J.: 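Can you read through this structure? Questions will come right after.
Every value quoted in this text rests on a predicted model; they were computed, and no experiment measured them. Throughout, residue positions are numbered sequentially from 1 according to the sequence presented.
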Amino acid sequence: QVQLVESGGGLVQAGGSLRLSCAASGRTFSYYDMGWFRQAPGKEREFVASVDWSGGWTNYADSVKGRFTVSRDNARNTVYLQMNSLKPEDTAIYYCAGGSTGTGTVGYGYWGQGTQVTVSS
């Protein structure tokens, strides 16, 4: 069992940066591939980025490629999402999820409660 808690969201101006953290409980965190998703009001939850259990393989949505970086520290049971050059269209609730590196929500068995990111123009 893994429990996930996101933090680091907030209000930022366009062009700014935020770093989201996802702290996991449970000794088996390092076995899990992890992903980040986001959901804007009135829209479906969409894939943002994923990282494999080792941190050696990552994948990104085209919309964030070159601006966002996903990483993890297994010793700290934490996965990160560094977000640079933020745009108003990045405004959403961001969720971390455990269990897959896929771009769909199926396969992720564990979800955090989400953290709000708001980018003002």
J.: To check you understand the geometry: which heavy-atom pair defines the closest contact between Gly114 and Ile93, and what is its length?
T.: CA-CG2, 3.8 Å
J.: Going from OG on Ser121 to CD on Glu89, what distance comes out if it is rounded to the nearest 0.5 angstrom?
T.: 10.0 Å
J.: Please answer: with hydrophobic residues joined when any side-chain heavy atoms are less than 4.5 Å apart, are Phe37 and Leu18 in the same cluster?
T.: no
J.: Check this for me: Lys43, atom NZ, are more than 12 non-hydrogen atoms of other residues, nucleotides or ligands nearer than 6.0 Å?
T.: no
J.: Quick one: is the NZ or CZ of Arg72 closer than 6.0 Å to the six-membered ring centre of Tyr80, and within 45° of its axis?
T.: no
J.: Contact between Val64 and Met83 at the side-chain level, heavy atoms closer than 4.5 Å - yes or no?
T.: no
J.: Donor-acceptor check, side chain of Thr91 to backbone of Val119, threshold 3.5 angstrom: yes or no?
T.: yes
J.: Could you point out which residue of Phe29, Tyr32, Tyr95 forms a ring pair (Phe, Tyr, Trp, His ring centres under 6.0 Å) with Tyr110?
T.: Tyr32
J.: Measure from NZ or CZ of Arg45 to the centre of the six-membered ring of Trp111 and say whether it is under 6.0 Å with the direction within 45° of the ring axis.
T.: yes
J.: Please confirm whether the backbone N or O of Gly99 pairs with a side-chain atom of Asp33, one donor and one acceptor, at under 3.5 Å?
T.: no
J.: Quick one: does any side-chain atom of Arg67 pair with a main-chain N or O of Ser85 as donor and acceptor, under 3.5 Å?
T.: yes
J.: Looking at Tyr60 and Phe47, what are the two nearest heavy atoms and their distance?
T.: C-CE2, 3.8 Å
